[in-house]
Amino acid sequence: MTELLRNSLDDRIAEPTPALGTLERGEPIQVFAAPPGTPAKPRIARAEGIYMWDTDGRRYVDAGSGPVACNIGYGNRRVLAALQTQAAAAAFANPASFESAANRLFAERLAVAAGPGYERVFVVSGGSEANEAAIKLARQMAVARGEAARWKVVSRQPSYHGGTLGALSVTGDPTAHELFGPLMKPMPKVPAPVTYRIPPGFDQESWAEHCAEVLERTILDEGPETVLAFIQEPVGGLATGALVPHAAYMRRVREICTRHGVMLIHDEVMSGGGRTGAFLSHEHWPDCRPDLVVLAKGAGAGYFPLGVVLAPRDRVAEVASGGGFMHGHTAFGNPLACAVGLAVLDETLDNGLVGNAAEQGGRLRARLDDLMARSPIVGDVRGKGLLLAVELVADKATKTPFPPSAVAGATLARVAMEQGLILYQRRTNAGRDGDWVMVAPPLIATAGEIDMIADGIASAVAETARRLGAA
């Protein structure tokens, strides 16, 4: 077995690890989410490739890339070398005083990969920050053109664009809005173009057309002169489980936004960077090019907090000439983040990982489709490339979800973890509209590893069906 490297800090932690909430002070971040007395998670010892080991020496296969973030796997030597080199040179440089070579090189390389229309790169620390920055940049772009009345940002229900209050205001999550609504200004919502549990009277295409019509009607009802932007995930993330909209919807969205002067923002926090088999997932719909693109998770690949906004050169120039972008954070443009982003990007492009995501995603999709045909609880498999989801249902004929109390997705993720397979579990509207797990291994996964993951999911699904009384 690969030798485990022990963190010297482990020697200062009592064994066995105490349950959460039982100590007077400190404790890991999980103490904020789990009731006191909850057993502690396994402690990470090391990770390499698509594998992780805990301090007991047990190996796990990460089939979710963490929270769909660790695109190039763990322990990548190029990235670790870049991180060390930049940290030794200058770990921080205030953009008010200095620029950095890492920022220049990362921006240039990323703009080339993104293609025409995305020549400028604004670097922040994560997806929520990046979506907030995109919204604020869109607002300043409108003001720079004399359209100060535009401020409303339309988004989908359900959707997820981040946990900060600005990003949360465009997130379609009724539970979160009930709790945090008094602290923010909610924005208009339109229905998501779901492809599985479609409302009665529609098929996929007609529902897609209906959703597009509602978008245009909402813009008209709100007053087109007041609508700034429409933000959407081209391939769904943690709110819709790898939702791939019908092509008719994507085409209509671009037409509608263009007709009414509304900026189209694509949130590719999860889907961007090659995960779907295209560097930017909107490339799957050439007639739906956005005005602004947001990247995050795969951009830093888990090695450093990183998010970016891609924007057109001419529109950025208008903002810069009008007094400058009134936005920033302490760590924006951070040299360490940019050095890591550049190394991750080079690793992705130089090693053909975008193509590998397409190839291995096709292989994994075929295996999961076969599982769906055989399993009594797998109702749907969807996604693109290595951004896939498996939805669990109590009744396949009616597409009825398990009751929220059954926590079906969480049960599958727990069973898989017991068997050494890590899956990223989410639910839609607290489980009322579906339970599913993301199947999104790192883009470096080989055919043999894909087969191993597929076998593991099949085993975990069978055991989950038994525990839920559906076998």
Side-chain angles (χ1 to χ4, degrees), residues 5 7 44 46-52 62 64-95 98-114 118 120-131 133-134 162 268-275 279-280 293-310 328-354 356-357 386 440-445:
L5 303 178
N7 186 332
I44 185 66
R46 67 179 293 269
E48 184 175 351
I50 70 168
Y51 306 99
M52 310 183 82
D62 187 359
S65 298
V68 195
C70 302
N71 280 17
I72 63 170
Y74 300 95
N76 183 277
R77 302 306 179 206
R78 173 185 272 178
V79 178
L80 296 179
L83 184 60
Q84 184 176 24
T85 299
Q86 184 62 56
F92 183 86
N94 186 353
F98 295 97
E99 65 170 49
S100 72
N103 189 185
R104 275 189 174 266
L105 293 171
F106 176 47
E108 181 179 356
R109 176 80 151 145
L110 183 55
V112 170
Y118 310 111
R120 298 293 183 250
V121 180
F122 191 80
V123 180
V124 293
S125 301
S128 296
E129 281 186 24
N131 275 322
E268 296 212 24
V269 166
M270 189 173 287
S271 63
R275 177 155 289 282
F279 185 71
L280 297 179
V293 178
V294 174
L295 301 174
K297 290 174 179 288
Y303 289 88
F304 204 83
L306 176 62
V308 300
V309 180
L310 301 175
H329 300 275
T330 299
F332 78 125
N334 180 267
L336 273 177
C338 292
V340 167
L342 177 59
V344 169
L345 184 58
D346 286 344
E347 193 73 8
T348 300
L349 299 179
D350 293 350
N351 292 304
L353 298 188
V354 179
N356 193 60
L386 287 175
L443 277 53
I444 61 171

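All residue numbers refer to positions in the sequence shown, counting from 1.
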For this session: Begin with the C-alpha distance, continue with both residues' side-chain angles, and end with the deciding distance and a verdict on side chain to side chain contact (heavy atoms under 4.5 Å, CB included) for Val269 and Asn131.
Result: CA-CA 9 Å; Val269 166; Asn131 275 322; 4.1 Å; yes
Closest approach of [X] to [Y] (non-hydrogen atoms, all atoms of both residues):
X	Y	value
Gly272	Asn71	O-ND2, 4.1 Å
Ser65	Arg275	OG-NH2, 3.0 Å
Tyr303	Asn76	OH-N, 2.9 Å
His329	Val124	CD2-CG1, 4.1 Å
Leu386	Pro442	CD1-O, 3.8 Å
Ala102	Pro335	CB-O, 3.6 Å

Exercise. Is atom CZ of Phe98 surrounded by more than 12 heavy atoms (other residues, nucleotides or ligands) closer than 6.0 Å?
Worked result: no
Judged by atom type as modelled, is there a donor-acceptor pair below 3.5 Å linking the side chain of [X] to the main-chain atoms of [Y]?
X	Y	answer
Glu129	Ser125	yes
Asn334	Leu336	yes
Glu99	Asn103	no
Lys297	Pro67	yes
Asn356	Leu443	yes

Exercise. Under 4.5 Å between any side-chain heavy atoms of Leu83 and Phe304, yes or no?
Worked result: yes
Atom pair [atom1] ([X]) and [atom2] ([Y]), whose distance is rounded to the nearest 0.5 Å:
X	Y	atom1	atom2	answer
Leu306	Leu342	CG	CG	11.0 Å
Arg109	Cys338	CZ	SG	15.0 Å
Asn94	Ser100	CG	OG	12.0 Å

Exercise. Can a donor-acceptor pair be found between the side chains of Tyr74 and Asp62 at a distance below 3.5 Å?
Worked result: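 Side chains of Tyr74 and Asp62: pair found under 3.5 Å.
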Problem set entry | All pairs passing salt bridge (charged side-chain N to carboxylate O under 4.0 Å, His left out) where residues 67-78 contributes a residue, at least two apart |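 Residue pairs passing salt bridge (charged side-chain N to carboxylate O under 4.0 Å, His left out), neighbours aside: Arg78-Glu347, Arg78-Asp350.
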